[in-house]
Asker: 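Below: one structure in structure tokens.
In what follows, every chain begins at residue 1, and chains take the letters A, B, ... in the order their sequences are listed. Just so it is clear, the structure is predicted and the values come from calculations on it, not from any experiment.
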Amino acid sequence: MLDLKLLRQDAAAVAAALGKRGFAFDTKTFDALESRRKALQQETEALQNERNSKSKSIGKAKAAGQDIAPLLAEVSGLGDKLDNAKAEFERVQAELDAFLARVPNLPDRTVPEGLTEAENLELSRWGKLPDFNFTPKDHVDLGDDGRVDFEAAAKLSGARFVVLRGEIARLHRALTQFMLDVHTQEHGYTEVYVPYIVGAQALRGTGQLPKMEEDLFRVGFGEDGPAAFLIPTAEVPVTNLYRDRIIDEADLPIRHVAHTPCFRSEAGSYGRDTRGMIRQHQFDKVEIVQVVHPEHSWEALEALTGHAEAILKKLELPYRKVALCGGDLGFSSAKTYDLEVWLPGQDAYREISSCSNFLDFQARRMQARFRPQGGGKPDLVHTLNGSGLAVGRTLVAVMENYQDGDGSIHVPDVLRPYMGGQSVLVRS
RNA sequence: GGAGGGGUGGCUGAGUGGUCGAAAGCACUGGUCUUGAAAACCAGCGUAGGUAACCCCUACCGUGGGUUCAAAUCCCACCCCCUCCGCCA
């Protein structure tokens with residue numbers, strides 16, 4: 001949610017800034033709703049004032065033993081007038097809220113111009129692309145001995161699911177453990193275990209609702225229970241830990257890491273990435289989240305991105321860092337870096353981490369605030385998060401980059417302690 | 001699932017339908033005192049909106065309804081927490 005004051009002061013500037021991401025901000029509708037809201041609010045508050053002060057004088061008169069009948073007559077009819085005014089005010093307020101809930105965050109001025117993925121800006125490359133003296137296979141072929149089994153998963157759950165077996169399943173688990181250990185022991189994150197089912201309020205807080213509802217799996221507690229959803233990312237439960245809370249400034253920054261499955265319906269991506277486990281309805285991710293003082297969020301974004309990069313470096317996976325252009329930015333983000341890992345099987349870089357600074361956009365929706373040291377008014381925190389990393393895609397990257405001509409897969413050095421010391425995984 | 005108790009400011013916790021946005025304590029801030037600190041004492045101290053700001057006004061005592069001129073207080077529904085019983089990985 002954007003700052004309402006900013007919108008009132010300079011809706012035109014907001015509209016211009018949102019244009020960078022291809023969002024058409026309807027200044028006319030906003031202005032109309034806002035001036036209507038203002039008039040109605042003043043009207044209802046004046047009526048409330050009248051009722052309150054008259055009620056008080058009734059109380060006083062009664063206490064003084066005076067006849068209150070004339071006062072009661074004065075107040076008759078006021079109630080209905082107030083109810084009508086209030087109902088109208090609430091209707092307009094709700095309309096305004098719904099309008100604002102669909103307005104995305106303002107892109108930072110350093111965000112590259114552009115409306116499509118193609119205009120993202122490459123910032124750096126790391127690592128040497130593997131030089132095979134054979135034609136590299138992709139992870140689907142490398143795992144087709146039954147260790148990566150899409151058919152078994154399809155039988156259980158349909159398309160876009162996978163069953164992993166044996167050493168590949170263990171490698172997947174090893175990657176998760178490794179990532180959690182690095183972030184907790186080297187980067188100062190506190191591990192949290194969180195629910196995988198959340199209510200609508202949490203999803204509104206981080207900005208997945210109302211716009212992204214089609215991409216969520218809805219579950220329920222009974223037929224007419226409250227709406228509940230499978231989490232599309234750990235960002236939702238972890239960031240919302242701070243919803244409606246006032247944190248002591250001394251407790252900032254807060255850094256959390258969580259490993260969770262993520263569930264996405266992938267509505268609208270039919271036909272994309274249908275081969276392999278790049279785009280699944282269910283995948284595991286290790287997510288890092290920071291809640292910081294508003295003055296420090298930009299440096300926190302650089303640090304957090306570095307923490308995600310550190311995993312790729314330790315795994316010796318070649319990658320590049322990209323700044324998303326305005327049009328490719330997520331709804332809540334002011335600026336996002338994507339890390340894209342090299343996949344020999346696709347002969348391409350593919351997204352494996354997305355690191356964003358949301359400034360106070362999520363904090364305002366969530367009412368996540370901090371109390372300044374030495375007292376004073378609570379102020380909104382800034383929130384950030386990044387994948388550190390997407391586990392399924394990392395598994396794909398390890399398989400494809402560490403493959404041998406005979407289809408065996410070498411285990412990256414840093415993972416060996418997690419694999420019982422094993423150094424090569426051979427086809428069965 | 002059954003029985004009972006409870007949800008009030010950053011925290012603890014009082015509150016008889018009528019100056020109750022709410023006692024008291026803790027925490028915090030400023031001051032007096034002190035070489036300095038602590039203690040003691042004095043004062044201040046909820047959030048948001050009308051609004052850029054003061055005054056002023058409005059809303060907020062788990063959530064949503066209702067009764068009333070007037071609701072933290074009475075009524076209804078729901079949510080959550082605690083204790084006990086039952087069931088259970």
Asker: Distance between the P atoms of B:C79 and B:A70, in whole angstroms?
Answerer: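 Here B:C79 and B:A70 have their P atoms 30 Å from each other.
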Asker: Checking all strands, does A:Asn52 fall into the base, sugar-phosphate, or nothing category for heavy-atom contacts under 4.0 angstrom?
Answerer: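 Sugar-phosphate, backbone atoms only, no base.
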Asker: Provide the distance between the two C1' atoms, one in B:G25 and one in B:U8, to the nearest whole Å.
Answerer: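 Result for the C1' pair: 15 Å, nearest Å.
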Asker: If pairing requires Watson-Crick or G-U wobble contacts with both distances under 3.5 Å, which nucleotide is the partner of B:G9?
Answerer: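 In the structure as shown, B:G9 has no Watson-Crick or wobble partner.
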Asker: Provide, to the nearest angstrom, the distance between the CD1 atom belonging to A:Ile58 and the C1' atom belonging to B:U19.
Answerer: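 Going from CD1 in A:Ile58 over to C1' in B:U19 covers 15 Å.
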Asker: Heavy-atom nearest nucleotide on RNA chain B for A:Glu90 versus A:Arg8: which residue maps closer to 5'?
Answerer: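 That would be A:Arg8.
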Asker: Taking the P atom in each of B:G21 and B:G46, what is the distance between them to the nearest angstrom?
Answerer: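 It comes out at 14 Å once rounded to the nearest Å.
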Asker: Quote, to the nearest angstrom, the P distance that separates B:C74 from B:C81.
Answerer: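 These two P atoms come out 24 Å apart once rounded.
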Asker: Toward the 5' end of RNA chain B, which comes first, A:Lys60 or A:Gly79, by nearest nucleotide?
Answerer: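 Going by which nucleotide is closer to the 5' end, it is A:Lys60.
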Asker: Separation of A:Ile246 atom CD1 from B:U47 atom P, in whole Å?
Answerer: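 So the two atoms are 7 Å apart, to the nearest Å.
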Asker: Roughly how far apart, to the nearest Å, are B:G10 and B:U16 at atom P?
Answerer: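 Comparing P positions in B:G10 and B:U16 gives a spacing of 23 Å.
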Asker: Can you check the A:Asp251 CG to B:G10 P distance for me, whole Å?
Answerer: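 The distance from CG of A:Asp251 to P of B:G10 comes to 16 Å, rounded to the nearest Å.
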Asker: Using atom CD of A:Gln42 as one end and atom P of B:A59 as the other, report the distance to the nearest whole Å.
Answerer: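 Spelled out: CD on A:Gln42 to P on B:A59 is 15 Å.
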Asker: Indicate whether any N or O donor in one side chain lies under 3.5 Å from an N or O acceptor in the other, for A:Ser332 and A:Asn105.
Answerer: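 Side-chain D/A pair, A:Ser332 to A:Asn105: absent.
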Asker: Give none if B:U47 has no partner; otherwise give the nucleotide forming a Watson-Crick or G-U wobble pair with it, both distances under 3.5 Å.
Answerer: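 Across all strands, the one nucleotide that pairs with B:U47 is B:A59.
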Asker: Could you measure between the two C1' atoms, the one in B:G6 and the one in B:A14, and give it in whole Å?
Answerer: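 My reading of the C1' atoms in B:G6 and B:A14 gives 15 Å.
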Asker: Picking from B:G46, B:A48, B:C57, which would you name as closest to the side chain of A:Asn49?
Answerer: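 Of all the options, the side chain of A:Asn49 is nearest to B:C57.
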Asker: Is A:Arg369 near enough to B:A48 that one of its side-chain N or O atoms lies under 4.0 angstrom from OP1 or OP2?
Answerer: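 Looking at the OP1 and OP2 atoms of B:A48, one of them is under 4.0 Å from a side-chain N or O of A:Arg369.
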Asker: A:Arg51 side chain N/O closer than 4.0 Å to the phosphate oxygens (OP1, OP2) of B:C57?
Answerer: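 No, outside the criterion.
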Asker: Classify the side chain of A:Glu45 and the base of B:G49 as holding, or not holding, a donor-acceptor pair under 3.5 Å.
Answerer: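 Checked by distance alone, the answer is yes.
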Asker: In whole Å, what separates the P atom of B:A39 from that of B:G30?
Answerer: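 Per the computed distance, 14 Å lies between those P atoms.
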Asker: With a 4.0 Å cutoff (strictly under), does any side-chain N or O of A:Arg364 reach OP1 or OP2 of B:A48?
Answerer: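 No, A:Arg364 has no side-chain N/O under 4.0 Å of OP1/OP2 on B:A48.
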Asker: Decide, yes or no, whether a salt bridge links A:Asp144 with A:Arg427 under the criterion of side-chain N to carboxylate O below 4.0 Å.
Answerer: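 Yes.
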Asker: Just compare B:A52, B:U58, B:G46 and give me whichever is closest to any side-chain atom of A:Gln48.
Answerer: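 Nearest listed nucleotide: B:U58.
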Asker: Mind checking who B:A14 pairs with, Watson-Crick or G-U wobble, both distances under 3.5 Å?
Answerer: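 When the pairing criteria are applied, nothing turns out to pair with B:A14, so the answer is none.
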Asker: Find the distance A:Gln367:CD to B:G46:C1' and express it as a whole number of Å.
Answerer: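 Those two atoms, CD and C1', are 14 Å apart.
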Asker: Does a side chain donor of either A:Lys321 or A:Thr305 reach within less than 3.5 Å of an acceptor in the other side chain?
Answerer: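 Short answer, no.
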Asker: Roughly how far apart, to the nearest Å, are B:G62 and B:A53 at atom P?
Answerer: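 After rounding to an integer number of Å, I get 30 Å for this pair.
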Asker: With a 4.0 Å cut-off on heavy atoms, is A:Arg37 in touch with a base, just the backbone sugar-phosphate, or nothing at all?
Answerer: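 Touches sugar-phosphate only.
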Asker: Other residues, nucleotides and ligands only: do more than 12 of their heavy atoms fall within 6.0 Å of NZ on A:Lys81?
Answerer: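 No.
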Asker: Are the aromatic ring centres of A:Phe361 and A:Phe331 under 6.0 angstrom apart?
Answerer: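 Aromatic pair counts; centres sit under 6.0 Å.
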Asker: What does B:C54 pair with, Watson-Crick or G-U, if both distances are under 3.5 Å?
Answerer: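 Result: none.
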Asker: From the set B:G18, B:C57, B:G50, return the single nucleotide nearest to any side-chain atom of A:Lys62.
Answerer: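 Ranking B:G18, B:C57, B:G50 by closest atom to the A:Lys62 side chain puts B:G18 first.
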Asker: Please find the pair of heavy atoms, one from A:Val291 and one from A:Leu252, that lie closest to each other, and give the distance.
Answerer: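 Of all heavy-atom pairs spanning A:Val291 and A:Leu252, the closest is O-CD2, 3.6 Å.
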